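Below is one structure, written out as structure tokens; the observations come after it.
All figures in this text were calculated on a predicted structure; none of them were measured in a lab. In the text below, chain A, chain B and the rest are named by the order of the sequence lines, each starting its count at 1.
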2 protein chains.
Amino acid sequence: MLRLTKKADYGLIALKYLAEQSTNGAQSAKDIAEAYHIPPQLLAKILQTLAKSGLLVSHAGTNGGYALARSAHDISAFEVIRAIDGPLFITSCITIHGTCDLHGTCTIKEPLRKVNDSIKELLSGIRVSDLIEPIEDSPAAALAGGLVSIAL
Amino acid sequence: MLRLTKKADYGLIALKYLAEQSTNGAQSAKDIAEAYHIPPQLLAKILQTLAKSGLLVSHAGTNGGYALARSAHDISAFEVIRAIDGPLFITSCITIHGTCDLHGTCTIKEPLRKVNDSIKELLSGIRVSDLIEPIEDSPAAALAGGLVSIAL
DNA sequence: AGCAACTCCGACCGCATTGGTCTTGCTTAC
DNA sequence: GTAAGCAAGACCAATGCGGTCGGAGTTGCT
């Protein structure tokens, strides 16, 4: 259920790495890939996508590479996932056009949309900076954006 | 992002229908399929899966069909989705064996697992019975299981 | 300025999964 | 016995994910 793609995984890992190494200037796709044993060319493509989305800035040439466009604290996991996987939704009922392909007889669309929004808020509350420090369960809870309510 | 399969959609729709028609005895797969313009044979396969998972009871023969095994109030959306789509997880890092394929260097596994659990709780709080009545935003909020907290 | 190394960038491809169909066999009610 | 309905399996097409390849542009060094 609810699988997000490997690309999104890689993207998050890369962003975390870039956040950690932000003082060392730009990091090349190859370096990041080697650090985590990720297929280099695949990661390169992911980073390109993120750069096109404005989350990263790219710098070509020798000693070039990628760097965060914003502070790690201002980039949410939701933005990253949406940039990579596209604006997909929890259910096929909810398309980009908002229309349901079930001839208007789909009756579970609205409840699922609420779930969709809740998940969206959930992910929006998670920042790249939150991924860095080792997890401290209790105190980080407040930091993470706290509570997400679901109203059916 | 976070798409759940069309099969799960169909399954939820069918369960909602069965909950509504629970007083009329068993409903055949064909009837449900026609009511919502769903491919009959596909829905049949989905209902078989749900029956095998113990969420539905099947009754063969004339006037046979499917009925809810439990009260609509006791079946959560999470159970339905898991029964149909299997025990998949939000990220490829979290496999059934709990091992990460990134050679132990995956550093975002733990945060994402928390997200995974939160979504699981979110869906567990939604019952089939909640899908039936038209959405009343405010009062239903409390009914739906209330608040899901995420601790990073 | 010219060269060479480095890095980004876009197009391309195989394969797994999903959505959907067909066929056959078994069970039950009338 | 027959018709209605479930059960179960193989089978097929398409979408999209994961991964690869070659090219174009930029930078630093001499």
Side-chain angles (χ1 to χ4, degrees), chain A residues 1-11 13-14 18 25-34 36-53 55-67 69 81 83-89 91-93 95 101-102, chain B residues 1-11 13-14 18 25-34 36-67 69 81 84-89 91-93 95 101-102:
Chain A
M1 48 150 298
L2 292 174
R3 188 177 61 239
L4 67 90
T5 66
K6 222 174 228 181
K7 290 189 201 174
D9 274 4
Y10 292 159
I13 292 174
L18 285 173
Q27 303 288 323
S28 78
K30 189 169 143 251
D31 289 343
I32 305 175
E34 283 175 357
Y36 293 99
H37 305 95
I38 298 174
Q41 320 235 30
L42 177 57
L43 181 63
K45 199 162 60 170
I46 295 168
L47 295 176
Q48 287 166 32
T49 307
L50 290 174
K52 230 188 306 183
S53 304
L55 295 176
L56 293 180
V57 285
S58 63
H59 199 54
T62 312
N63 288 334
Y66 294 93
I81 294 170
I84 296 175
D85 284 348
L88 303 182
F89 295 95
T91 169
S92 14
C93 279
T95 66
D101 53 340
L102 289 178
Chain B
M1 49 154 293
L2 291 173
R3 189 176 59 240
L4 66 91
T5 66
K6 221 174 231 183
K7 288 189 201 175
D9 273 5
Y10 292 159
I13 292 174
L18 285 173
Q27 302 287 323
S28 78
K30 188 168 143 254
D31 289 343
I32 306 177
E34 283 175 357
Y36 293 99
H37 305 96
I38 298 174
Q41 319 233 32
L42 178 57
L43 181 63
K45 205 160 53 170
I46 295 169
L47 293 177
Q48 285 170 31
T49 307
L50 290 174
K52 230 187 305 184
S53 304
L55 295 175
L56 293 180
V57 286
S58 63
H59 198 54
T62 313
N63 288 333
Y66 294 93
I81 294 170
I84 296 176
D85 285 347
L88 303 181
F89 294 96
T91 169
S92 14
C93 278
T95 66
D101 53 340
L102 290 178

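Distances shown here put every side-chain N or O of A/Tyr10 at or beyond 4.0 Å from the OP1 or OP2 atom of D/dG18. The side chain of B/His59 contributes an N or O atom lying less than 4.0 Å from OP1 or OP2 of C/dA29. In this structure, B/Ser58 reaches the D/dA7 phosphate: one of its side-chain N or O atoms is under 4.0 Å from OP1 or OP2.
Atom CD1 of B/Ile81 and atom C1' of C/dT18 are 16 Å apart (whole Å). When rounded to the nearest whole Å, the span between CD of A/Gln48 and C1' of D/dG25 equals 13 Å. With rounding to whole Å, A/Lys6 atom NZ is found 16 Å from C/dC15 atom P. Regarding A/Leu43, its CG atom lies at a distance of 14 Å from the C1' atom of C/dC9, rounded to whole Å. Atom-to-atom, NZ of B/Lys45 to P of C/dT24 comes out at 17 Å; the value is rounded to the nearest Å. Spacing between atom CG of A/Leu50 and atom P of C/dG10 amounts to 14 Å, rounded to whole angstrom units. As a whole-Å value, the separation of B/Lys52 NZ from D/dG9 C1' is 10 Å. D/dT27 atom C1' lies 9 Å from atom CG of A/Asn63, rounded to whole Å.
Residue-to-nucleotide contacts include no donor-acceptor pair under 3.5 Å from the side chain of B/Lys30 to the base of D/dG5.
A/Thr49 approaches A/Ala83 most closely through the heavy-atom pair CG2-O, 3.4 Å.
How far CG of B/Leu47 is from NZ of B/Lys52: 12.5 Å, rounded to the nearest 0.5 Å.
Annotation: of the two residues near DNA chain D, B/Leu47 and A/Thr62, the 5′-most nearest-nucleotide partner is B/Leu47.
A/Ala44 comes within contact range of no nucleotide atom at all, as no heavy-atom separation falls under 4.0 Å.
Taking the side chain to side chain contact (heavy atoms under 4.5 Å, CB included) definition, one finds that A/Lys30 meets it with A/Ser28, A/Glu34, sequence neighbours left out.
For the side chain to side chain contact (heavy atoms under 4.5 Å, CB included) criterion with B/Ile46, the lone passing option out of B/Asp9, B/Ile38, B/Ile84 is B/Ile84.
Of the listed nucleotides (C/dG19, C/dC9, D/dT20), C/dG19 has the atom at the smallest distance from the side chain of B/Leu42.
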Evaluate A/Tyr66 against A/Val57 for side-chain contact (heavy atoms from CB on, under 4.5 Å), listing each step before the verdict. CA-CA 6 Å; A/Tyr66 294 93; A/Val57 285; over 6 Å; no
